Amino acid sequence: MAELSKTYDPKTVEPKWYQRWIDNHDFEADANSKKKPFSIVMPPPNITGVLTLGHVLNNSIQDILARRARMQGLEVLWLPGMDHAGIGTQTAVEKWLKKNEGVTRHDLGREKFLQRVLEWQDKHGGIIIQQLKRLGCSCDWSRQRYTMDESYARAVAEVFVDLYKKDLIYRGRRMINWDPAAQTALSDEEVVNKPQRGNLYYVRYEIVDQPGKFLEVATTRPETIMADTGVAVHPKDKRYVDLVGKEVWRPMPREKIPVVADDAIDPEFGTGVLKVTPAHDKLDFEIGQRHKMAVIDVLTPDGKINCPAVPELHGLDRFEARKKAAELLEARGLLAKAEPHENNVGFSDRSDVPIEPRLSEQWFLKYPKTKEALAVVKRHIIRFYPKHWEKVYEQWINNIQDWCISRQVWWGHRIPAWYRRNSGTVEAGVSPAGKEKQPGTAAATEEVRVQIGSPGEGWRRDDDTLDTWFSSWLWAFETMDEKTRKKFYPTSALVTGPDIIFFWVARMIFAGLEFKPGKTKKIEDNIPFHDVFFTSIIRDKQGRKMSKSLGNSPDPLDLIDKYGADGLRFGLLRIAPSGQDIRFDEKQIEEGRNFATKLWNVSRFRQMHGPSSAESKLENLSIYAIEVLARLNETIDSIERGYRDYEFNQIAQRLYDFIWSDYCDWFVEAAKTEIFSEDESRKKSALAVMDYVLSAIVRLLHPFMPHITEELWSLLGLGEGSIQFATPPKKIALKDVDLAKRKLVAAIYETVQAGRNLRALAKIPSNQKAKYALRSNQKGLESEQETITRLLNASEVILDPKFQSGAGTPIATTALGEILLIVDVDLSAERERLDKEIAKVEADLRIVESKLGNKSFVDRAPRDVVELNRHRQKNYTEQLAKLNEARAKL
RNA sequence: GCGCGCUUAGCUCAGUGGUAGAGCGCUUGCUUCACACGCAAGAAGUCAGAGGUUCGAACCCUCUAGCGCGCACCA
């Protein structure tokens, strides 16, 4: 057994063990194993990503589950991988190219650009994998997958073809969310609403057959007036009922447009008149459809005005054009007023610019198996933890819309659709599904084929790629080969953030149910996972989300350097409640580190008293040993409940309390009597209990703090082999006669605390021994006298039920009886101190007496004191002591 | 507008029908033979507010207020 160093050094210990685990292939899953399976697929981080605290929390939890399962003798597969993150990666590489080489992707062209992405990825990508290793994640790295792996990419394409054949994927010209910065379509989920301050402009539209009379229309977007092809009112709105069917003049460019009646209009809003701009608003588009209005698009893909008929606005950015349009209207006397107005505007989640509703030719997916997917969650075939996310999931599924899956980016899975022109009627240069989707492009003049390989000469492939989530939704099973799937699918648990419940969790459920990768066709064999645990979202001290731009996100690697991976993991887990946000404070990580040190030191203390043994017999148990073993049993129960309910903070807190308080502060301190005893059998018994509990502790703690526990397991020689495969501790059977002694232990501990309190109040310094007397009728207390003396740091504890004390002796009542602090006042020594304190004591007395009214504290009957609660009794004792001091002096 | 959370010590949060808890911070004492990343003691709370159920409510129910989140609306 090697000697334990003075302090624990995670910097050397942690990498040492990680390397050893890797070398031993300890994390690799065997699909042929006869053990029961346990599997998790890692939510694949972006290849461009670096480790955040969110990842730390998420992956620590997965690691805890994986390590716990390994200890329980299960065959564990924790499958890691990465996501190609189409838009995100493309943007990152474009930025890099712009900065370093001053070129855009268009300068390079598609093929060369993609080549550069691959090069960039080799150089800068995948950092996060190394970081996860430093955190101690026990993933099967031999099975690491990537959404751009050839086989995975093929599966994505096959799924596309399959769904197309089932008529679930279709191409259509519809209103989509357009990101003018990234210049691509987005799904509804990629749009976040933000309240924005702006103006509501009241614009005057002249009535055609009533010159000089105007209809006022309230709008927030005057820059789209040129695209108006009608105005609409509510059919029952009396103010405008006469105008329905007539025409008004569009202010610019001046043109006649119809007034229609439509139920979708809210008469309460603005003037109750809506300008209908079918090309630039979803609702307007629907109204336009109902009333057969024309569609005029006045915006370019990058969000500039495209309207040569109004040269003042043509070419302007959409926000500049808004101001300019208002000015133009005002100059023409067509702006009645503008008032401040707050409304929600959809922003691109990625680019953080307002999205533009846009009519565009895109690919869509009609979600399969939505009813079934809702049912498996409601019937708890899949369980959500915490449960309340079920409602969020249900609400989304009930309002589900078709998914726009095509993206106008180059980096990603290219859509397996092919086009061939039927004749020469289509003008050259306009791609059928490319980024330029001007209304009016004739798509009917071409043939479409959806298949993996090219149909032959003359066919050109769709330029677009698929939404990254369209590949991620297959992650639970396309990352596995046939044999692995047979053993490990459905996976046991999914650990992820609630922010991707729609993006990923729900869609994976659809995919599992639709593609049925399981060993039978039964639903329960095809769900992607049994349990879903939604982690907390980590915020900063002020409650803000962690973000790069705010700079409030600490680098986990820095934290690991400072506190160790184990300290970081434990500190974070201990404060991670389920289903609520975490407010992060580095202090909490420091506590994790301190806890590791505490464990290290108590182990060091044990090791100083000779070698540990894994199989020492527990016999001649002291009452303190019984107490700590009973508490260990309770801890094991509590931890089991914690794992069952995914309450990781509860597990961590329980371990913290048990180790620090029950084991270190009470048991080890009490056991020192035996450990330092001349009686070898008593010493042996105490050390055996220490070993037993220590062995249990490190095993219980191992999933949370894998490195230090392995180090201690090995250094102390607590068991054979790696702790990773050691069985978790089971509860020890304690006899009822033994358990009956717990009451006595509790009484002793209470008495010790009361006695320490007395000495503190009497101002006896911690390093001085104090003298006590214990008036108790408890039998068999003599055998505990030594330990009580030790715990009280006493020179002597007199056991005498009839002990007579002088008046004013500080006293406390406990379950054991009465404990008295015997102060031998050496007047000459104490005189000076008393002189100094006398004034303070007198002041205190006045306060006490005023609080008690006229009744003097000292006159209170002792019988009352016994009945007072402990808190007040302490005050009484304190004041009594002070009174006596004062009296003696006076 | 609909839905989901939250409100407990100065701070961050546990608790969940039966005497209000932890860590940090604060006060006091202590380098006592594992640990100052420590030990011991202490102060500190109208458990958001109002009703109700109950022998008993921080906990269960109803309402109110404030904060946060999701969805919808968003001319």
Side-chain angles (χ1 to χ4, degrees), chain A residues 4 6-8 188 192-193 195-196 200-203 217-221 224 231-232 264-266 269-277 281-284 287 341-346 386 388-396 398-399 498-499 501-502 537 539 541 543 563 567 571 574-577 579-585 587-588 590-609 647 649-650 653-654 656-657 660-661 664-665 668-669 672 676 752-761 763-769 791-793 869-871 874 878:
Chain A
L4 270 63
K6 174 94 180 164
T7 51
Y8 172 60
D188 294 343
V192 285
N193 287 313
Q196 293 292 305
L200 191 57
Y201 300 92
Y202 289 77
V203 184
V217 178
T219 179
T220 53
R221 303 202 61 187
T224 62
V231 297
I265 306 304
D266 173 9
F269 190 93
T271 59
V273 188
L274 169 73
K275 71 183 199 62
V276 185
T277 320
D281 185 275
K282 201 177 172 213
L283 178 68
D284 290 18
I287 294 171
H341 177 69
E342 188 165 294
N343 67 340
N344 275 328
V345 176
H388 68 254
W389 292 109
E390 282 176 16
K391 276 228 162 183
V392 177
Y393 174 81
E394 180 176 359
Q395 194 181 344
W396 182 72
N398 285 337
N399 294 303
D499 47 336
I501 184 167
F502 312 137
I537 289 175
R539 297 175 179 279
K541 262 186 180 173
Y563 306 111
R574 194 159 75 96
I575 50 135
Q580 259 173 262
D581 295 353
I582 302 180
R583 299 228 173 177
F584 179 79
D585 186 342
K587 270 265 176 252
Q588 293 150 342
E590 199 182 318
E591 283 173 39
R593 188 269 318 260
N594 294 353
F595 180 57
T597 308
K598 186 72 182 176
L599 178 66
W600 182 258
N601 272 297
V602 77
S603 305
R604 204 158 68 88
F605 174 72
R606 169 62 192 88
Q607 176 255 10
M608 286 171 176
H609 297 94
E647 299 267 5
N649 59 326
Q650 185 202 304
Q653 185 60 41
R654 184 77 199 198
Y656 186 91
D657 290 342
W660 207 305
S661 175
C664 293
D665 290 347
V668 172
E669 290 307 322
K672 280 179 177 172
F676 291 114
V752 166
Q753 274 191 308
R756 287 168 176 171
N757 178 238
L758 293 179
R759 68 139 60 213
L761 293 175
K763 301 238 151 63
I764 298 172
S766 312
N767 57 353
Q768 271 180 45
K769 303 260 182 195
L791 292 175
L792 279 169
N793 190 24
N869 66 35
R870 214 174 119 207
H871 171 70
K874 279 176 189 168
E878 179 179 13

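Bear in mind that the values here come from a model prediction, so they are computed numbers and not experimental data. Below, chains carry the letters A, B, ... as their sequence lines are ordered, and counting in each starts from 1.
Phosphate proximity of B:rC37 to A:Arg593: absent, as no side-chain N or O sits under 4.0 Å from OP1 or OP2. At B:rG38, one or more side-chain N or O atoms of A:Asn594 fall inside 4.0 Å of OP1 or OP2 (strictly under the cut-off). OP1 and OP2 of B:rC73 both lie 4.0 Å or more from every side-chain N or O belonging to A:Asn343. Contact annotation: A:Lys598 side-chain N/O to B:rC39 OP1/OP2 distance is under 4.0 Å.
Shown here are the salt bridge (charged side-chain N to carboxylate O under 4.0 Å, His left out) partners of A:Lys672, two or more places apart in sequence or in another chain: A:Glu669. Partners of A:Arg756 by salt bridge (charged side-chain N to carboxylate O under 4.0 Å, His left out), not counting sequence neighbours: none found. Qualifying ring-ring contact (aromatic ring centres under 6.0 Å, His included) partners for A:Tyr8, counting only residues two or more places apart in sequence or in other chains: A:Trp600. For A:Asn601, the side chain to side chain donor-acceptor pair (under 3.5 Å) partners two or more places apart in sequence, or in a different chain, are A:Arg604. For the side chain to side chain donor-acceptor pair (under 3.5 Å) test, residues two or more places apart in sequence or in another chain that qualify with A:Glu591 are A:Arg574. Legend: residues meeting salt bridge (charged side-chain N to carboxylate O under 4.0 Å, His left out) with A:Lys587, ordered by chain and number and at least two apart, are A:Glu590. Residues that satisfy the side chain to side chain donor-acceptor pair (under 3.5 Å) test with A:Lys282, not counting sequence neighbours, are absent from this structure. A:Phe605 is linked by a ring-ring contact (aromatic ring centres under 6.0 Å, His included) to A:His609, counting only residues two or more places apart in sequence or in another chain. The side chain to side chain donor-acceptor pair (under 3.5 Å) check on A:Tyr202 picks up A:Glu339, with sequence neighbours excluded.
Comparing B:rC11 with B:rC47, their P atoms are spaced 16 Å from each other, to the whole Å. With both ends at atom P, the span from B:rC35 to B:rG29 equals 23 Å, rounded to whole Å. The gap from the C1' atom of B:rC39 to that of B:rA34 amounts to 12 Å, rounded to the nearest Å. The C1' atoms of B:rU8 and B:rA20 are separated by 9 Å, rounded to the nearest whole Å. Rounded to whole Å, the P atom of B:rG21 lies 16 Å from the corresponding atom of B:rU46. Spacing of P atoms, B:rG45 relative to B:rC4, comes out at 35 Å, to the nearest Å. Taking the P atoms as reference points, B:rA44 lies 34 Å from B:rU53, given to the whole Å. Taking atom P on both B:rC73 and B:rC13, the two are 33 Å apart, rounded to the nearest angstrom.
In this structure, OH of A:Tyr656 is placed 14 Å from C1' of B:rG21, rounded to the nearest angstrom. In this entry the distance linking CG of A:Asn649 with C1' of B:rU12 reads 13 Å, nearest Å. Atom P of nucleotide B:rA22 and atom CZ of A:Arg654 are separated by 14 Å, given to the nearest angstrom. Atom CD of A:Glu390 and atom P of B:rG3 are 17 Å apart (whole Å). Separating the CG atom of A:Leu274 from the P atom of B:rC74 is a distance of 9 Å, rounded to the nearest angstrom. Atom CZ in A:Phe595 sits about 13 Å away from atom P in B:rC24, given to the nearest Å. If you measure from atom CG of A:Asp585 to atom P of B:rC13, you get 10 Å, rounded to the nearest angstrom. For the pair A:Glu647 CD and B:rU16 C1', the computed distance is 12 Å after rounding to whole Å.
Comparing B:rG29, B:rA34, B:rA22 by their nearest atom to the side chain of A:Gln653 picks out B:rA22. Distance from the side chain of A:Gln753 is smallest for B:rA41 among the nucleotides B:rA41, B:rU12, B:rC24. Listed nucleotides B:rC4, B:rG23, B:rA34 differ in distance to A:Val668; the shortest reach to its side chain belongs to B:rA34. The side chain of A:His388 approaches B:rG5 more closely than any other nucleotide in the set B:rU31, B:rG5, B:rA41. Here the nucleotide nearest the side chain of A:Asn767, chosen from B:rA34, B:rC30, B:rC13, is B:rC30. Taking only side-chain atoms of A:Gln588, from C-beta outward, the nucleotide of B:rA41, B:rC30, B:rU12 with the closest atom is B:rU12. Here the side chain of A:Phe605 is nearest to one of B:rA34, B:rG29, B:rC74, namely B:rA34.
Separation of atoms CD1 (A:Ile287) and CD1 (A:Ile265) is listed at 4.0 Å; rounding is to 0.5 Å.
Note on A:Ile501: nothing from the nucleic acid sits closer than 4.0 angstrom, heavy atoms only.
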- Dot-bracket pairing map - RNA chain B, Watson-Crick plus G-U, both contacts under 3.5 Å, | cross-strand: ((((((((.[[[[.)..(..]]]].(((((.......))))).....[[[[[..)....]]]]])))))))....
Table of protein N/O atoms under 3.5 Å from nucleotides 66-72 of chain B N/O atoms:
residue, atom, partner, partner atom, Å
B:rG70, N2, A:Gln395, NE2, 3.1

Please tabulate, one pair per line, each protein N/O and nucleotide N/O from nucleotides 25-27 of chain B that are separated by under 3.5 Å, including the distance.
none

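Of all heavy-atom pairs spanning A:Ile575 and A:Arg583, the tightest one is CD1-O, 4.3 Å.
For A:Gln588 (side chain) and A:Asp585 (main-chain N/O), a donor-acceptor pair under 3.5 Å exists by modelled atom type.
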